[in-house]
Every structure is written in structure tokens, then in C-alpha cells.
2 protein chains.
Amino acid sequence: MALHMSSANPSPDFAERLREAGLRPTRQRVALARVLFEGDHRHVTAESLHAEVKATKIPVSLATVYNALNQFRDAGLLREVVVAPGRSYFDTNIGHHHHFFVETDNELHDFPSHDVTVEGVPAPPAGTQVSRVDVIVRVRR
Amino acid sequence: MALHMSSANPSPDFAERLREAGLRPTRQRVALARVLFEGDHRHVTAESLHAEVKATKIPVSLATVYNALNQFRDAGLLREVVVAPGRSYFDTNIGHHHHFFVETDNELHDFPSHDVTVEGVPAPPAGTQVSRVDVIVRVRR
DNA sequence: TGCATCTTTAGAAATATTCTAAACTACTTG
DNA sequence: CAAGTAGTTTAGAATATTTCTAAAGATGCA
């Protein structure tokens, strides 16, 4: 019974969701998916996710966390956000949205893009097509 | 009359410009400044800049390149652009502008922001103020 | 010139991520 | 459901980028 209506994910059947994404639902991947996709949207780094999953007593190596994050991203389950040099964030919100980045404490916040318009962007370089437009609003405390 | 109106720098007196920025015009910093600020705007990484300056026969260590890039950025002479995980780009264009990032070959292109409008961004998180709005248009070949 | 301060440097260290090859596990087939 | 195989996980090594350290060197002021 879904307690969290604002949850990122209606179905808690993580094994099935992994299978649909073309990934074998191993113990590690299911544990990672549970932490990532249960409850509201979130932002993690490889390190922070590793720490969280280890706390659930399921053995996972850091290498597996990196593997899984890359696979989840490639499968469209996560979005990678690059805002700070030397570290990648992964966002469980894969819908259209943009980010506030609090530079003073390396904190990331989503905001919906449906009200945002970006106008006046010139034509992309010859031979290329736009894959995404990111708006990053950098703020400080 | 200046032939290169689009040039990044009117004056080629790099020592003086460093002094104005509060930096001692050492041999290494002047050599780096020459490569960076002579001619049109450009994008470099620490590695690429190191390779270029070494080619001018002036001895510079990679550590000094990192130091100088950080100092130039802090002094407002450069802008750091974070678009790809694991590497920083530095942009000699410090005016208002945004970027195309060609993901397929890690290439960065500026475009002026004076025609660009970003509307509908919500209020920033409480207690913060906006330091900059970056628009990154990601494209692929 | 003399000297205090700032800068550079090589190499070590820190940080983040990927790779390797061996052990392990999920899924399929018989 | 035993066995095979193909995909996964893992520890540890390797790679990549950036920063740190402490010693040597350069700069600019008196």
C-alpha cells in the first residue's frame, strides 16, 4: 500500500523494473534500486549511495555502485548531473527539470521546467542536434 | 584601429594585467597569460594548457598550471566551466555567455547571452542569492 | 645588494572513477 | 532441479585529475 503518493515511483517491484530496463535483478541492484527509487526523488553520489546501501546490511562494493549508477543512467533510470568539478551527482528525477546548485555547500535542488522558457539560443554547431538543455542556477548562502 | 574586434584582449601587456589582478608577474604566469589571453577567446584544460606552454620552451610544471588556473579564476581573469565529469574547462571569455557542449567529442562553444532569456525560474532556496545562471545546450553529432 | 615574501617544483598524496581477473549468481535448458 | 553459461560482483590494482608538501628559486622593496 503506497503511503507516499508524491513518491517518484508508483510500483515498488524493483526486480521487475530492473528487468524491464534490461538489467538482471541481482541482490545488489535491487538493494540499490530500493534506496534510490523508494520514496521521493533524490540526488546521490557514488560514495553517498554506497554508504546508504551498506547500512542496509546488504554487501555491495563501491565498484558495483559505480557500475550500477552507470547502467541505471544508460537505461534511463537516472540522470547524471555535472555541476561541481571532480564529482558526479545522479538524480532519480528523470523528468524535465532544472537545478539550483548551492555552491557554498555542494547541494543540489530540482525545479520543474514546465514554467521555464529559454529563448534566443542560436542554432547548434553544424552537424549536431540538441540532446538536452540544462539550466543551472548557481546560488550562494 | 584594432583589427580583431572580437579579440579577448586589447592590451598585450600581460605583466601589467597580472599586477592589476594582484598577481606577481612571474615568468610562468606571464607565459601562461600570453597563451591564454593573446588572440581570441579559448577553452583549455590544465593538461592542454600545460602542453601548449611547454611548447614555448618556458619551463612550467603541471602544478603551476593548476595553481595559475585557480588564481586566474579567483582573480576574475578566467571562468571555470563544469560540463563533463572528471575534468574542468577554463574559459577566457569572462563576459556573459552560455555554452554548447558537444558530448560526442567533449568540445565547448560559447554563445552570447545578450539574446538569451531564461524565464520562469522559481525563487532560489531560502537564504541564498543567485551568483550565476548557466545554460548548457548539450548536443551530439 | 640584502632580504622577506611569494612562487615554483618534483614528487607524494588525495580524490574520483575504471579496470582486471577470479569467484559468484541468475537464468535457461534438459 | 542439476548443470551449464552468460552476466555480475568483488578486492585490489590501475588510471586520471587535482591538491599538497617542503625545499629551492624568483621577485620586489628597502
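Letters A, B, ... mirror the listed sequences (proteins, then strands); counts begin at 1. Predicted model only: the values in this text are computed from it and were never measured.
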Please output the side-chain donor-acceptor pairs of residues 19-27 of chain B that fall under 3.5 Å, not counting sequence neighbours, one pair per line with the distance.
from    : atom 1 : to      : atom 2 : distance (Å)
B/Arg19 : NH1    : B/Glu16 : OE1    : 3.1
B/Thr26 : OG1    : B/Arg29 : N      : 3.2

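- The span of DNA chain C lying next to chain B, judged by atoms under 4.0 Å from heavy atoms, is bounded 5' to 3' by C/dT5 to C/dA10.
- The other residues sharing a hydrophobic cluster with B/Val82 are A/Val82, where clustering joins ILVMFWY side chains under 4.5 Å apart.
- By the salt bridge (Lys or Arg N to Asp or Glu O under 4.0 Å) test, A/Arg73 is found to be paired with A/Glu80, residues two or more places apart in sequence or in another chain being considered.
- Counting only residues at least two apart or on different chains, the ring pair (Phe, Tyr, Trp, His ring centres under 6.0 Å) pairs with a member in residues 110-141 of chain B are B/His98-B/Phe111, B/Phe100-B/Phe111.
- With sequence neighbours excluded, no residue satisfies side chain to side chain donor-acceptor pair (under 3.5 Å) with B/Thr56.
- A distance of 9.5 Å separates CZ in B/Phe72 from CZ in B/Arg17, rounded to the nearest 0.5 Å.
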Dump the pairs, protein N or O against N or O of nucleotides 24-29 of chain D, anything under 3.5 Å, distances to one decimal.
from   : atom 1 : to      : atom 2 : distance (Å)
D/dT27 : O2     : B/Arg24 : NH1    : 3.2

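- With DNA chain C read from its 5' end, the first of the two nearest nucleotides for B/Gly22 and B/Pro85 is the one closest to B/Gly22.
- Listed by chain and number, the residues in a side chain to side chain donor-acceptor pair (under 3.5 Å) with A/Thr104 amount to none (sequence neighbours excluded).
- Among residues two or more places apart in sequence or in another chain, the ring-ring contact (aromatic ring centres under 6.0 Å, His included) test is passed with B/His43 by B/His99.
- With sequence neighbours excluded, no residue forms a side chain to side chain donor-acceptor pair (under 3.5 Å) with A/Asn67.
- A/Ser88 comes within 4.0 angstrom of the backbone, heavy atoms only, and of no base.
- Legend: residues meeting salt bridge (Lys or Arg N to Asp or Glu O under 4.0 Å) with A/Asp115, ordered by chain and number and at least two apart, are absent.
- Non-hydrogen atoms lying under 4.0 Å from DNA chain C are contributed by A/Ala63, A/Tyr66, A/Asn70, all within residues 48-82 of chain A.
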